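Just below is one structure, and these are the notes that go with it.
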There are 2 protein chains.
Amino acid sequence: MQIDDVDQRIIASLVADARASYAEIGARVSLSAPAVKRRVDRLRAAGVIRGFTAVIDPAAVGWTTEAFVELFCAGRTTPAQIAVAVRRLPEVVGAYTVSGEADALVHLRAADIAHLEDALERLRAQPFVTSTRSTIVLSRLVDSPTVVAAPT
Amino acid sequence: MQIDDVDQRIIASLVADARASYAEIGARVSLSAPAVKRRVDRLRAAGVIRGFTAVIDPAAVGWTTEAFVELFCAGRTTPAQIAVAVRRLPEVVGAYTVSGEADALVHLRAADIAHLEDALERLRAQPFVTSTRSTIVLSRLVDSPTVVAAPT
DNA sequence: GTTGAAAGTCGTGCCCA
DNA sequence: TGGGCACGACTTTCAAC
């Protein structure tokens with residue numbers, strides 16, 4: 001899909017505040033509210049904008065422990081298999097196939113160490129997982145929900 | 001702050017759709033729109049809800065290359081120093097101090113390999129960085145913007 | 001792409017239980 | 001706390017330009 005820089009600025013506006021009114025966004029990008037709505041509808045239909053979400057403080061909802069787990073998988077494991085498996089764990093907030101020694105990197109978020117260990121156990125129970133290497137997060141320095149190009 | 005399970009369900013609603021009206025959320029949690037608004041205002045003021053954002057397809061905006069970079073830092077480097085440095089790079093979408101060999105883990109998102117290399121160079125230019133180890137993301141299996149407890 | 005008008009919905013402050 | 005009401009603003013869909 002073609003995205004011009006007006007679209008970019010609309011996206012940046014929505015990333016900064018997803019509850020902004022179309023009139024408000026229009027003022028920032030010099031467009032009328034109906035014009036903004038049409039562009040947003042088009043961007044949503046095209047899958048560029050996947051949805052709108054609230055950014056929650058993980059600690060406030062009791063999600064205080066995080067880890068990154070490197071996954072080492074059996075020879076003929078496909079990314080799709082890994083994807084299916086990790087999506088079953090609600091503790092998984094991110095998962096990627098990666099270059100290097102490990103086959104995948106899984107980002108876990110849990111209530112506490114015990115919960116984390118429990119999730120890790122379920123992850124290791126997958127038949128294709130040969131071994132794992134965990135790295136506990138000590139503190140969160142940056143955690144942008146999404147970062148998009150230049151603002152207004 | 002005290003969060004009851006009505007708050008939890010309101011949060012879950014907003015995470016699922018940040019543009020839902022208060023009346024809509026109220027219908028799901030059996031509350032009137034003003035009551036929902038008051039709770040949301042309170043949650044925002046308390047920092048539980050940090051804001052509302054759009055979930056963007058990174059590929060659609062030209063952000064196609066990702067990497068995780070392990071940072072090895074000089075002896076007396078504080079997390080605050082690392083935080084300041086990584087926040088200066090717009091390519092950083094996440095950064096954490098971690099247990100294990102490395103001191104920090106930085107999640108980068110760039111337009112392409114050249115851009116990634118450029119960002120990495122700027123990261124390595126920090127005086128406290130003694131060395132880095134990069135892991136390129138081959139594919140994104142899961143990338144939840146936020147995951148919160150049980151839905152409605 | 002724009003404007004302007006229509007009807008319906010929503011946000012939000014205020015008051016009462 | 002919660003709900004109800006009221007007013008103004010916003011959304012959304014038209015039409016016509």
Side-chain angles (χ1 to χ4, degrees), chain A residues 1-64 111 145-146 148-152, chain B residues 1-57 59-62 145-146 148-152:
Chain A
M1 199 195 118
Q2 185 70 2
I3 298 173
D4 63 21
D5 51 87
V6 175
D7 290 324
Q8 283 282 0
R9 283 160 62 207
I10 290 174
I11 289 169
S13 270
L14 285 170
V15 168
D17 179 11
R19 281 185 83 91
S21 72
Y22 292 125
E24 216 170 316
I25 300 164
R28 260 197 285 268
V29 303
S30 316
L31 236 55
S32 66
V36 173
K37 184 194 186 311
R38 257 180 300 172
R39 279 171 181 263
V40 172
D41 286 347
R42 191 170 47 89
L43 290 167
R44 291 202 64 169
V48 175
I49 297 174
R50 296 209 188 131
F52 302 99
T53 190
V55 184
I56 305 301
D57 176 9
V61 291
W63 250 228
T64 61
T146 322
V148 180
T152 322
Chain B
M1 199 195 118
Q2 185 70 0
I3 298 174
D4 63 20
D5 51 86
V6 175
D7 290 324
Q8 283 283 0
R9 284 161 62 207
I10 290 174
I11 289 170
S13 270
L14 284 169
V15 168
D17 179 11
R19 281 184 81 91
S21 70
Y22 292 125
E24 219 170 313
I25 300 164
R28 261 196 286 268
V29 302
S30 316
L31 237 55
S32 68
V36 173
K37 185 196 185 309
R38 262 187 311 224
R39 279 171 180 263
V40 172
D41 287 345
R42 190 171 48 89
L43 290 167
R44 290 202 66 169
V48 175
I49 297 175
R50 295 209 187 131
F52 303 100
T53 191
V55 183
I56 305 301
D57 176 8
V61 291
T146 322
V148 180
T152 324

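Note that the coordinates shown come from a computational prediction; the quantities given were computed from them, not determined experimentally.
Of the possible polar contacts, none joining the T53(B) side chain to the A16(A) backbone as a donor-acceptor pair under 3.5 Å is found. R19(A) contributes a side-chain N or O that, together with a main-chain N or O of A20(B), makes up a donor-acceptor pair within less than 3.5 Å. A donor-acceptor distance shorter than 3.5 angstrom exists from the side chain of D4(B) to the backbone of D7(B), with no hydrogens or angles considered.
Looking at heavy-atom distances under 4.0 Å, R39(A) makes contact with sugar-phosphate atoms alone, never a base.
The side chain of L31(A) lies closest to dG1(C) when the candidates are dT12(C), dG1(C), dT12(D). Distance from the side chain of P34(A) is smallest to dT3(C) among dT3(C), dG1(C), dG11(C). Of all nucleotides listed (dT3(C), dT11(D), dG3(D)), dT11(D) comes nearest to the side chain of S21(A). Side chain of S32(B), nearest nucleotide from dG11(C), dG3(D), dT12(C): dG3(D).
If you find the closest nucleotide of DNA chain C to S30(A) and to A23(B), the one lying nearer the 5' end belongs to S30(A).
Of the C1' atoms belonging to dG8(C) and dA16(D), the separation is 22 Å, rounded to the nearest Å.
Between the P atom of dG3(D) and the OH atom of Y22(B) lies a distance of 15 Å, rounded to the nearest Å. If you measure from atom CZ of R19(A) to atom C1' of dT9(C), you get 13 Å, rounded to the nearest angstrom. Between the CZ atom of R38(B) and the P atom of dG2(D) there is a distance of 7 Å, rounded to whole Å. The CG atom of D41(A) sits 10 Å away from the C1' atom of dT12(D) (whole-angstrom rounding). Atom CD1 in I25(A) sits about 15 Å away from atom C1' in dT12(D), given to the nearest Å. Atoms CD (E24(B)) and P (dT11(D)) sit 14 Å apart, rounded to a whole Å. The distance between atom NZ of K37(B) and atom P of dG3(D), rounded to the nearest whole Å, is 15 Å.
Looking at E24(B) and V36(B), their side chains never come closer than 4.5 Å, going by heavy atoms from C-beta outward.
For the side chain to side chain contact (heavy atoms under 4.5 Å, CB included) criterion with L31(A), the lone passing option out of R9(A), R38(A), K37(A), R39(A) is R39(A).
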